[in-house]
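Okay, so here's the structure we're looking at.
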Protein chains: 2
Amino acid sequence: MAVTIKDVAKVANVTPSTVSRVISNSPRISEKTKRKVRQAMEELGYLPNFKARSLANRSTQTIGLVMPNSTDKVFQNPFFPEVIRGISKIAHSMEYALHISTGETEEEIYEGLVRMVQSGRVDGVILLYSRINDNVMSFLEEKKFPYTIIGKPYLNSDGISHVDNDNFSAAKEVTKYLLKLGHKRIGFVAGSLNLMVTLERKRGYESALLDSDITINNDYIVHEEFLREGGQEAISELLSLKEPPTSLVVADDLMAFGMLNTLDEMGLRVPDDISIISFNNLLLSEVSRPPLTSVDINIYNLGLQSAKCLIEKIKQPDEPAKRIIIPYKVIERNSCKKLS
Amino acid sequence: MAVTIKDVAKVANVTPSTVSRVISNSPRISEKTKRKVRQAMEELGYLPNFKARSLANRSTQTIGLVMPNSTDKVFQNPFFPEVIRGISKIAHSMEYALHISTGETEEEIYEGLVRMVQSGRVDGVILLYSRINDNVMSFLEEKKFPYTIIGKPYLNSDGISHVDNDNFSAAKEVTKYLLKLGHKRIGFVAGSLNLMVTLERKRGYESALLDSDITINNDYIVHEEFLREGGQEAISELLSLKEPPTSLVVADDLMAFGMLNTLDEMGLRVPDDISIISFNNLLLSEVSRPPLTSVDINIYNLGLQSAKCLIEKIKQPDEPAKRIIIPYKVIERNSCKKLS
DNA sequence: TTGTATGCGTTATCAA
DNA sequence: TTGATAACGCATACAA
């Protein structure tokens with residue numbers, strides 16, 4: 001059996017309660033006993049038992065992470081390691097641990113979350129995605145359980161603490177960028193329409209076009225998941241139009257990357273035949289051919305802030321919801337070209 | 001306060017102990033009371049309190065995951081999401097939760113692990129990497145704490161439960177494959193020499209050469225991390241030799257992918273000017289230009305088996321250590337060419 | 001088949 | 001400034 005608070009008490013010649021007070025560094029204990037007790041702890045290699053502690057404490061010092069469907073392609077996106085890196089940085093410094101929950105279906109994810117919350121495994125939760133009609137969110141909301149969301153909440157975005165980029169503006173900006181380069185036929189390629197990111201970026205794209213009095217052509221908008229087979233068709237279809245787009249706004253580097261391949265197979269060169277601009281600025285966008293012009297959304301910081309925000313929420317549940325917008329930055333590389 | 005076992009007991013008109021027995025589905029409780037109790041649980045939406053349960057139980061039903069240095073480039077490798085997907089599949093089905101621990105330095109990782117183990121947060125641990133002289137492993141070993149390792153242990157590999165590929169043979173096989181295509185000047189590109197994977201693959205590479213009476217040329221072996229700036233030089237150096245290699249064994253798709261870019265910049269075409277074969281068979285290798293011939297190491301299964309193995313270990317600590325070798329498979333694509 | 005009593009390792013309340 | 005004692009919510013040995 002591991003060493004307990006009683007053992008320490010015995011060695012230090014005090015009662016367990018005193019040891020407990022030393023652990024929490026209570027000010028009403030003499031420096032002398034503190035030293036004595038600490039030495040005993042050192043000597044025995046004592047570490048407080050987490051289970052007992054959180055039982056008495058009603059706090060677990062752990063944060064739950066809800067990931068999207070693990071069989072989904074987005075799961076493979078380096079976005080997640082990076083955002084977790086940010087979260088973990090803060091968590092670590094605030095002595096919180098990380099508890100991860102995922103599943104193969106939305107049902108599984110939901111049940112996983114419920115168990116994790118109901119059984120008191122975590123003090124708060126970070127949703128690593130935002131989608132519409134998410135029952136995970138409804139549950140948290142109803143339970144009034146502390147949580148933060150990375151992305152823009154579908155509803156009631158003022159009442160829910162979240163960390164996000166201004167994806168609308170970002171998409172609008174890059175679309176304008178293409179317009180300025182002389183492109184008029186601009187396509188939009190993205191993933192699931194259930195995700196708020198997709199919706200926001202699409203809105204931005206459309207808004208830029210409207211501002212330039214260009215009518216939105218639904219043939220130019222593609223929503224396939226197409227890193228694999230399926231999507232290639234959607235893309236080749238897009239490019240086989242009588243008037244194919246001369247440039248594309250792609251909602252993710254990973255997708256953009258898949259496109260490069262598809263385009264290559266079709267004999268189209270980037271940026272000579274077609275320009276591409278994308279999002280996230282993953283390592284990938286740097287080492288691809290050509291290097292991609294991409295919007296850096298500062299993923300690491302997204303994670304950092306979401307953790308900070310959640311921990312504050314846990315400690316002060318009654319504070320009003322916070323919205324934190326992480327600035328983005330367009331990184332110009334060589335995937336866009338002026339239309340002559 | 002949430003609903004407890006007492007509430008259920010009251011509603012069902014039994015004592016808490018009876019409820020407890022129903023929870024663990026004890027055979028010595030009548031079907032009738034079981035029904036009665038279960039209905040009460042249902043009614044109240046009761047879920048056992050995790051902290052109390054694991055305190056009384058001395059088990060947490062959670063698995064600790066130790067990741068490598070989060071600032072390291074390998075962290076970005078899609079290997080991790082995929083292996084976690086496998087782990088999580090089993091964990092979920094066996095009612096285990098996942099606890100993740102990482103850090104920015106080896107020191108942090110070590111301390112994180114110690115706390116997680118000592119404070120009793122987890123029942124067992126999976127190391128998601130294997131490197132030489134790992135104090136994390138020494139600690140686990142000394143504590144006789146249940147753990148499994150993904151990769152080959154540096155020492156005492158018979159005494160430590162692990163799940164691995166036969167990386168030696170795999171590397172040997174692909175090197176032979178290149179030899180058979182007529183290549184004699186074959187380079188080897190890999191990451192850190194602290195990682196067992198790297199060492200094993202290198203051994204395989206060398207063994208194949210020796211079998212063909214080709215002397216090992218250290219100029220042909222590169223160990224840089226070179227997805228970013230630094231490494232490109234190492235590569236161009238390699239290719240600027242008087243007698244540059246005509247083909248490369250690259251220890252990871254991500255690296256191979258970075259190479260494609262570097263090579264392109266140098267005006268070298270794959271596979272016409274130089275052949276490349278790599279490992280892991282990530283999505284990436286499929287959508288790169290050209291698609292990469294790569295060794296599928298079945299990452300998902302690696303995760304699956306490691307979790308299975310650990311849970312068995314947790315339940316039967318005295319069983320001898322297991323070694324599980326996951327078969328690999330060479331996936332031929334278009335990055336290798338016969339030397340004419 | 002069920003109930004009673006006790007313990008799991010802490011923290012917190014109340015005394016001293 | 002410290003000690004005794006009762007929670008925290010559940011599991012289990014022992015009784016009945």
Side-chain angles (χ1 to χ4, degrees), chain A residues 1-38 40-41 44-62 95 97 115-123, chain B residues 1-41 44-62 95 115-123:
Chain A
M1 204 49 243
V3 27
T4 78
I5 203 172
K6 288 180 192 165
D7 303 320
V8 178
K10 214 161 287 172
V11 170
N13 244 317
V14 293
T15 57
S17 10
T18 303
V19 179
S20 173
R21 288 187 184 107
V22 174
I23 292 174
S24 56
N25 200 16
S26 159
R28 1 178 284 192
I29 229 91
S30 76
E31 275 308 321
K32 193 172 136 214
T33 13
K34 276 190 185 172
R35 265 199 305 280
K36 196 172 56 178
V37 171
R38 285 194 180 121
M41 302 200 314
L44 300 177
Y46 170 74
L47 264 186
N49 180 301
F50 159 74
K51 304 155 201 158
R53 213 172 181 199
S54 44
L55 179 57
N57 245 349
R58 320 165 134 283
S59 113
T60 58
Q61 289 287 115
T62 110
E95 313 243 66
R115 281 213 330 231
M116 158 166 122
V117 169
Q118 294 286 56
S119 63
R121 271 175 184 271
V122 299
D123 295 340
Chain B
M1 205 48 243
V3 27
T4 78
I5 204 172
K6 289 181 193 165
D7 303 320
V8 178
K10 214 160 288 172
V11 171
N13 245 316
V14 293
T15 56
S17 30
T18 303
V19 178
S20 172
R21 289 187 184 108
V22 174
I23 292 173
S24 56
N25 200 15
S26 159
R28 3 178 283 195
I29 230 91
S30 76
E31 275 309 320
K32 195 172 135 213
T33 5
K34 276 191 185 171
R35 265 199 306 280
K36 196 171 55 177
V37 171
R38 283 193 181 124
Q39 187 183 336
M41 303 200 316
L44 299 176
Y46 170 75
L47 264 186
N49 179 299
F50 159 75
K51 304 155 201 158
R53 212 169 181 206
S54 43
L55 180 58
N57 245 347
R58 318 161 136 284
S59 113
T60 58
Q61 288 287 115
T62 110
E95 312 243 66
R115 282 212 332 231
M116 158 166 121
V117 169
Q118 294 287 55
S119 63
R121 272 175 183 271
V122 300
D123 295 341

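In what follows, every heavy atom counts, from backbone to side chain, and hydrogens, waters and symmetry copies are set aside. Chain identifiers are assigned alphabetically (A, B, ...) following the order of the sequence lines, protein sequences preceding nucleic acid strands; residue numbering begins at 1 within each chain. Here the structure is a predicted model, which means the values were calculated and not measured.
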Whole-Å gap separating C1' (dC10(D)) and CG (L47(B)): 14 Å

Residue-level proximity of residues 24-37 of chain A to DNA chain D when a heavy atom falls under 4.0 Å: R28(A), I29(A), S30(A), T33(A)

Separation of atom NZ in K10(A) from atom C1' in dG3(D), rounded to whole Å: 16 Å

Separation of dC8(D) P from L55(B) CG (nearest whole Å): 14 Å

Any S20(A) side-chain nitrogen or oxygen under 4.0 Å from OP1 or OP2 of dT11(C): yes

Watson-Crick and G-U pairing of DNA chain D, under 3.5 Å, as dot-bracket with | and [ ]: ||||||||||||||||

Per T15(B) side chain, nearest of listed nucleotides dT10(C), dG3(C), dT12(D): dG3(C)

R53(B) side chain, from C-beta outward: closest of dG9(C), dA11(D), dG9(D): dA11(D)

N57(A) CG - dG9(D) C1' separation (whole Å): 14 Å

Sugar-phosphate only, base, or nothing, as touched by F50(B) at under 4.0 Å among non-hydrogen atoms: nothing

Nearest to side-chain heavy atoms of N49(A), which nucleotide of dT10(C), dT2(D), dT4(C): dT10(C)

Touch class at under 4.0 angstrom, heavy-atom based, for V19(B) against every strand present: nothing

Selected nucleotide, minimal atom distance to T4(A) side chain, candidates dT11(C), dG9(C), dT12(D): dG9(C)

K51(B) side-chain N/O to A56(A) backbone N/O, donor-acceptor pair under 3.5 Å: no

Side-chain H-bond candidate by donor/acceptor type, T18(B) with T15(B), under 3.5 Å: yes

Nearest-nucleotide 5' precedence on DNA chain D, P48(B) against R21(B): P48(B)

Sugar-phosphate only, base, or nothing, as touched by T18(B) at under 4.0 Å among non-hydrogen atoms: sugar-phosphate

Residues, nucleotides or ligands: over 12 heavy atoms within 6.0 Å of K36(A) NZ: yes

Length of the line joining K51(A):NZ and dT10(C):C1', which is rounded to integer Å: 13 Å

Listed nucleotide nearest any side-chain atom of I5(B), set dC10(D), dG9(C), dT11(C): dC10(D)

For atom CZ of R58(A) and atom P of dT13(C), their distance in whole Å: 11 Å

A52(B) side-chain proximity, nearest of dG9(D), dC8(D), dG3(D): dG9(D)

